[in-house]
Undergrad: 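Below is one structure. I have some questions about it.
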Amino acid sequence: MNKSMIIPDMVQELLSTTTKGLPKLTDKLCTLLSLPALITDPHYQILASSSPAGEPAINSILAVQQLDKIGGISVSKYQITTTDLDLSGIGSPITHENNTLGYVFIFPKDDQSHEAYAPLLSFSASLGAIQLHRKLEMRQEKMKFKEAFLFDLLYGNIKQKEDIYEYARVWDWNFNLPLTVLVFALEDFNHVLTDKQLINTLLYIIERTLLEVSIKPITMKRQNQVIVVLPMKAEQSKKHRAKMESFSKNIISQMKALHPDEIFSCGIGKTYESPVDLFRSYQEAKVAFELGDILGIEIPFFSDLGLERILYKHDLQELKEFFETTLGDVVLYDENNNAQLMETLEGLVTYQFDMTAASQALFLHRNTLRYRIKKIEEILDLKLDDLNNKLNITAAIKMKQLRKI
Amino acid sequence: MFKQLGYSFHADDCIGCKACEIACKNENQTPTNIRWRKVTKTSGDFFLSVSCNHCDNPECFRVCPERAFTKRQDGIVEIDENRCTGCQLCVSACPYSAPQFDPETHKVSKCQMCYPRQDAGLPPACVEACTTGALKLVDLNTFSDPEAVRTLPGFPNIKITSPSIVFYPEKPRKRYFIK
Amino acid sequence: MFSMKDGIYRNTCPRNCYGTCGILSHVKNGRLIKVTGDPEHGYSKGSLCAKGYAFTQYVYSPERIKYPMVQCPRGSGKWKRISWEEAYTTISLKMIELNQRYGSNLASGYNKFSGNLGLLHYATEGMFNSIGPHTKPIGNPCALTGKLAMNRSFGESFSSVPEDMAGSKLIVLWGANPAVTNVHQMKFINEARQKGAHLVVIDPIFTQTAKKADLYIQIHPGTDRLLADGIAKLIIEKQEHSLEFLEEQTTGWPEYKHYLENQMTIKEVCKQTGIELEALIELSELYGRIKPVSTWAGLGVQRNSLGSDSISAINSLAAVTGNLFIPNGGLYFMHFDVDDFPCALKNHKGPLHPTISEPREVDISDFASNALQLTEPPLKFLWIASRNITQDHNLKAWSDLFQELELIVTVDLYMTKTAEKSDIVLPAATHFEEEDLNVGYWHYWLSINQKAIPPYYEAKSDLQIARELTTKLNELSPGFSNFPATKEPIDWIKGELTPEIMDLYALNSYKDLLQRPYQKNIEKNFSTKRKNFHLFAANGKKNQMRERQAEPNGYQLITPQALLKIHSQYEALTWLHGRQDESYIELSAEAAQRNDINDQEKIAVFNDQGQIIGVAKINSHLPKNIILAHQAGNNPINQLIIQQNKKDDVSTYFYDSIVYIRKWSEANV
Ligand code: SF4
Ligand code: SF4
Ligand code: SF4
């Protein structure tokens with residue numbers, strides 16, 4: 001074979017796939033070279049994979065390790081681990097205007113010279129770039145449309161149920177199920193690039209996590225937030241709340257693992273039967289988010305925050321008076337005796353007056369806690385086992401936390 | 001495509017002349033006791049000029065049983081008076097006293113950020129009226145200025161609703177009083 | 001030109017205000033639906049003030065007078081609607097009868113001022129001129145002192161171009177409070193500040209503008225002359241003065257210098273003005289080192305008996321630093337360019353009287369007392385236009401005068417306190433209902449005022465009234481008036497736009513003004529080469545200020561303008577005034593303590609002229625010897641103002657009255 005002729009022929013053949021999608025490109029690479037070929041997204045999720053007849057298909061990737069570069073171009077050697085085996089191959093990033101859109105890999109036999117494939121691989125990468133870029137554009141196009149719909153949905157701008165169903169069908173979303181809105185957000189968000197990227201990662205993780213449990217993601221980015229619309233399957237209604245809680249915890253802990261310095265929080269709205277009410281769920285989720293933030297609740301549900309919301313909005317002067325009459329003496333005692341009785345009370349309220357839980361959380365011996373409670377009872381001249389007193393104290397403590405009295 | 005239109009307010013430049021407040025009445029011909037924009041003096045001895053803040057999380061909107069509110073894609077929070085039944089839940093939900101109840105029509109109305117003017121390429125009437133340049137229109141989706149702050153003393157709590165307004169505080173000054 | 005189709009018309013705010021703003025009036029179905037600022041107007045630049053934006057309410061206020069009405073007996077409140085015809089006849093018959101009784105029209109007179117400054121509003125003057133010698137007011141109660149002081153310094157009126165202030169590096173306001181009285185100027189001041197300029201405010205009162213100043217200096221009222229001289233002295237000591245300018249372009253430099261160097265001390269300045277040395281030095285350094293500096297001698301400075309000297313001294317200070325005639329520097333006061341115009345109505349020549357050659361003049365600053373002195377003939381018929389005399393002081397004299405008058409006619413928009421005391425009221429038109437031509441007295445723009453809407457009910461413009469009343473007079477007594485009653489408003493406007501005026505404003509025809517306002521060609525006036533500025537040396541003047549403080553428990557009463565009122569013109573507008581009463585009387589913490597008065601308590605302010613009641617507001621920044629009360633309101637504060645040492649060349653010294661305060665109680669009412 002005349003070597004100088006091979007490439008133009010192959011180029012011709014590969015070019016013919018440009019408009020036909022990524023699988024055609026890997027198929028062509030695979031048949032031309034008789035080698036397995038693979039295209040992934042920037043996160044190494046497989047987009048297309050072809051293997052010569054008789055060889056096992058590569059369907060999932062566990063880890064990718066970049067090894068030496070080959071020559072001066074972007075092609076490198078890679079070590080790729082799948083569920084069954086370790087593969088060594090060569091790969092090239094697929095880039096467009098400095099953005100990495102994905103990777104293309106081939107896996108030469110051990111005895112073949114890796115270098116010889118480099119030019120062809122980088123050519124394939126450029127072809128891949130054309131396709132991936134077009135795909136990205138289409139996706140963005142569709143996203144814009146989708147965002148406009150979600151925006152209108154979340155701000156109650158579509159008043160007719162039927163219109164909503166109609167739109168939802170475009171993305172194959174089932175809005176006949178009861179829906180809940182969850183909001184995840186980065187605190188202290190600034191309009192800087194790095195923060196914007198954090199939100200992209202948050203979105204990616206949320207979508208991936210949803211897909212893992214086979215839920216079609218209905219999500220939207222909005223400044224510092226990612227908004228998730230979660231349908232509830234009928235058979236789940238009992239466990240729904242627990243599911244949302246663990247899902248949210250999961251997302252937040254994943255984000256924490258990736259970015260330990262940043263604070264991500266969430267808020268969860270109420271569940272509504274009709275999508276025209278979804279805007280309420282969205283607003284509720286944001287209110288829950290804000291209150292959760294003030295009160296230090298990890299996964300705040302709007303429906304749990306009734307008293308808090310009332311207290312938060314109530315006339316400050318009146319609240320102050322109530323707080324003064326209820327707990328003023330304890331505060332005074334703390335000040336004069338350098339004591340921490342208020343802290344003790346706050347702990348008790350947080351653990352709903354459960355002595356064991358509170359003493360653990362406060363790092364106090366049960367007896368010490370008991371002594372302190374007695375002291376408080378003395379100062380206030382009341383009994384803490386009376387439900388009414390508990391209620392007043394709980395309310396006063398919440399006022400303090402919410403309104404910084 | 002999406003915007004979050006809002007106001008920027010320079011406490012340092014505002015002289016409390018109320019041109020903005022009255023220009024709003026002139027533009028919208030609201031009845032005497034309906035004030036979509038209000039200029040008030042704070043206890044810190046500077047002025048605030050406040051209307052509806054077209055909040056990111058509009059509470060008015062969450063509590064309205066008639067779904068009378070909408071938020072446009074440019075961020076403007078509108079109220080559809082035809083849907084309003086005058087229950088006034090929004091009036092008590094809004095921290096900024098923006099929705100105004102008219103006992104005569106038994107309806108609530110509020111600043112619509114002069115969207116008919118904006119759609120025609122004009123600034124809101126209040127912004128146009130502000131000779132000192134204290135009141136301006138900004139798009140908070142793209143706005144960024146390290147000197148701007150989210151609130152000033154005397155402005156109601158911004159938590160929860162996240163109002164679309166940014167502020168510039170007063171600068172320190174030198175004063176000699178007769179002793 | 002003055003058709004009344006739907007659309008946008010050009011109007012000009014004619015009120016006695018620095019702005020003289022250009023208005024675009026939006027008219028639909030013959031109704032004014034809204035107003036916006038005229039973006040073509042180079043001073044107001046497309047915005048109005050709060051009062052301007054309330055014009056739709058002003059025009060359609062249900063409180064406007066709708067028809068001519070007669071009240072019988074006077075003051076009873078029993079008003080009866082009459083036709084214009086009846087009104088004209090009653091008035092004409094009285095005028096003719098008085099003429100027959102006394103052999104001249106001197107028993108007929110008018111009092112008119114400043115409600116509307118349009119050139120066609122001289123119709124009232126024109127109307128009276130047209131009947132030969134009569135009784136007329138003279139003088140300008142607000143700005144005369146300053147005007148004369150300016151003439152002394154510059155040889156003529158002088159006031160720099162307001163827009164140029166935006167390019168100044170230092171702006172010094174003496175007794176001026178533009179944040180309240182001239183909001184548009186704040187735009188140019190803010191623009192300068194954004195470019196790094198310094199704003200200095202010198203005022204006895206910690207005004208809204210003072211709060212915005214980078215440097216505020218509080219001063220004892222009436223001592224501005226000393227401060228200006230003190231700063232000039234410090235600047236000359238440090239050799240920071242503009243020697244070349246002083247030698248070439250001024251007169252009186254040696255005397256002035258000699259005076260500063262030998263006849264006054266900085267110690268004296270500090271003592272009299274109440275200003276500490278540190279502030280004095282700081283201000284002199286700013287004045288001495290920064291250029292260009294804009295200096296604004298506000299009307300507040302001249303409203304006391306030492307005002308004239310203060311203005312002269314401030315002018316001289318601006319000269320010392322060489323800032324007078326340089327670009328973006330200059331001296332601001334106000335100008336009187338309206339005098340460039342023919343003012344044909346004002347200067348209309350009436351028929352000659354065989355024995356009386358001149359009209360009889362009454363000083364407007366104390367019109368009532370002076371009018372009471374008139375004999376042979378006494379004043380019997382008074383026509384009051386554009387004026388609410390509750391603005392005036394000496395209300396006692398006014399009520400005495402009203403006793404003497406046989407007929408009082410008031411032309412106004414609303415039932416003012418003055419109108420309530422008249423025999424006949426005539427409904428006046430607003431500027432939206434009439435044609436006019438307007439010149440500023442602060443900025444240099446000339447603008448037209450179109451008739452935008454039909455008159456409210458039976459309202460008529462002053463010019464229309466003049467035309468119709470004089471026609472009636474001639475009908476009943478041929479030849480009584482020589483008023484050119486057939487001349488239309490547009491003819492009068494064209495008459496004002498003489499070739500010289502058109503040249504001055506670069507106009508080709510009145511029609512140009514329908515497109516936009518025009519600015520006067522001001523370069524000629526403000527040449528940097530000007531000569532003969534006269535420096536003022538206060539030789540031998542003692543500082544009377546302290547002596548007047550001899551009154552043991554007295555306070556000096558100061559009555560500045562409130563934001564939303566120009567005198568009493570806007571009181572009827574609910575948009576501008578909520579239900580809360582704004583008639584606070586401000587006093588210092590010390591005065592409150594001395595008189596055992598608490599904040600928000602009712603107090604009485606009194607002197608031998610009368611007493612007013614108000615709510616006390618403690619103002620911790622008020623000097624201890626000053627009481628502050630806002631002009632107008634139901635309890636006219638001006639009744640406490642009495643002018644003492646009267647001279648002819650002075651504005652009313654609104655700021656000079658001494659008052660006392662006490663807790664109010666039913667017992668001593
Ligand atoms: S300011 Fe009040 S009325 Fe306006 S959007 Fe916010 S909550 Fe609603
Ligand atoms: S934006 Fe328009 S409606 Fe809103 S306060 Fe300003 S002038 Fe009034
Ligand atoms: S118009 Fe501007 S300066 Fe005047 S009160 Fe409003 S915001 Fe302040």
Side-chain angles (χ1 to χ4, degrees), chain A residues 140 143-145 147-160 181 183 185 188-193 195-196 220-225 267 269-270 274 276-294 302 305 308-309 312-316 402-404, chain B residues 1-6 54-80 82-84 89-97 115 138-150 154 156-164 166:
Chain A
Q140 276 170 350
M143 278 303 290
K144 258 190 216 162
F145 185 41
E147 270 186 48
F149 166 63
L150 281 175
F151 182 97
D152 283 339
L153 183 70
L154 292 172
Y155 280 108
N157 295 354
I158 317 176
K159 313 265 176 199
Q160 295 307 321
V181 174
V183 166
D188 296 323
F189 175 82
N190 272 314
H191 283 277
V192 291
L193 201 62
D195 277 9
K196 285 186 179 155
M220 183 167 93
K221 262 189 324 187
R222 205 172 135 67
Q223 305 207 22
N224 67 332
Q225 308 164 353
K270 291 200 287 190
S274 164
V276 286
D277 286 319
L278 207 58
F279 76 92
R280 285 192 222 279
S281 189
Y282 174 45
Q283 296 308 318
E284 288 161 0
K286 289 187 286 185
V287 172
F289 170 88
E290 297 281 357
L291 289 177
D293 185 37
I294 301 172
F302 181 83
L305 294 170
E308 284 79 354
R309 276 188 290 129
Y312 190 71
K313 280 186 46 188
H314 199 83
D315 176 67
L316 188 62
L402 277 165
R403 304 296 288 274
K404 313 211 159 37
Chain B
M1 159 171 76
F2 292 101
K3 282 187 185 170
Q4 178 53 66
L5 295 176
H54 305 276
C55 303
D56 204 30
N57 310 340
E59 276 288 277
C60 51
F61 167 102
R62 180 177 67 77
V63 300
C64 175
E66 302 303 321
R67 296 201 292 262
F69 291 86
T70 42
K71 191 172 174 76
R72 297 177 14 145
Q73 296 191 354
D74 54 10
I76 298 178
V77 174
E78 267 185 88
I79 176 169
D80 177 355
N82 296 326
R83 282 178 166 260
C84 174
L89 282 177
C90 56
V91 175
S92 48
C94 170
Y96 316 103
S97 314
Y115 68 81
V138 290
D139 176 3
L140 291 170
N141 276 357
T142 51
F143 177 87
S144 89
D145 182 345
E147 275 177 43
V149 295
R150 287 301 313 270
N157 193 342
I158 60 163
K159 275 259 174 193
I160 308 279
T161 61
S162 183
S164 304
V166 289

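Scope of the values below: all heavy atoms of this structure, side chains included, with no hydrogens, waters or symmetry mates. Here is the naming used below: chain letters follow the sequence lines, and residue numbers restart at 1 for every chain.
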Undergrad: Residues two or more places apart in sequence or in another chain: which of them pass salt bridge (charged side-chain N to carboxylate O under 4.0 Å, His left out) with B:Lys159?
TA: A:Glu290, A:Asp293
Undergrad: Quick one: which residues of residues 57-64 of chain B reach chain A at under 4.5 angstrom, heavy atoms only?
TA: B:Asn57, B:Pro58, B:Glu59, B:Phe61, B:Arg62, B:Val63, B:Cys64
Undergrad: Are A:Arg222 and B:Asp56 close enough, and set up right, to give a salt bridge (charged side-chain N to carboxylate O under 4.0 Å, His left out), and what steps lead you there?
TA: CA-CA 10 Å; A:Arg222 205 172 135 67; B:Asp56 204 30; 2.4 Å; yes
Undergrad: Of the backbone (N, CA, C, O) and the side chain (C-beta and beyond), which part of B:Arg83 lies under 4.5 Å from a heavy atom of chain A, both, or neither?
TA: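 Only the side chain of B:Arg83 comes within 4.5 Å of chain A.
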Undergrad: For B:Arg67, check salt bridge (charged side-chain N to carboxylate O under 4.0 Å, His left out) against everything at least two apart and list the hits.
TA: A:Asp277
Undergrad: Could you name each residue pair satisfying salt bridge (Lys or Arg N to Asp or Glu O under 4.0 Å) that touches residues 139-148 of chain B, not counting sequence neighbours?
TA: none
Undergrad: Just so I know, are the side chains of B:Cys55 and B:Lys71 near enough to count as touching, which here means a heavy-atom distance under 4.5 Å?
TA: no
Undergrad: Are A:Tyr282 and A:Tyr155, when compared by the centres of their aromatic rings, separated by less than 6.0 Å?
TA: yes
Undergrad: Measure A:Ile294 against the heavy atoms of chain B and call it side chain, backbone, both or neither at under 4.5 Å.
TA: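 Only the side chain of A:Ile294 comes within 4.5 Å of chain B.
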Undergrad: What part of B:Ser92 lies closer than 4.5 angstrom to a heavy atom of chain A: side chain, backbone, both or neither?
TA: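 Looking at B:Ser92, just its backbone touches chain A.
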Undergrad: Grab the two heavy atoms, one from A:Phe302 and one from A:Gly269, that are nearest each other, plus how far apart they are.
TA: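 Minimum heavy-atom separation between A:Phe302 and A:Gly269: CB-CA, 4.2 Å.
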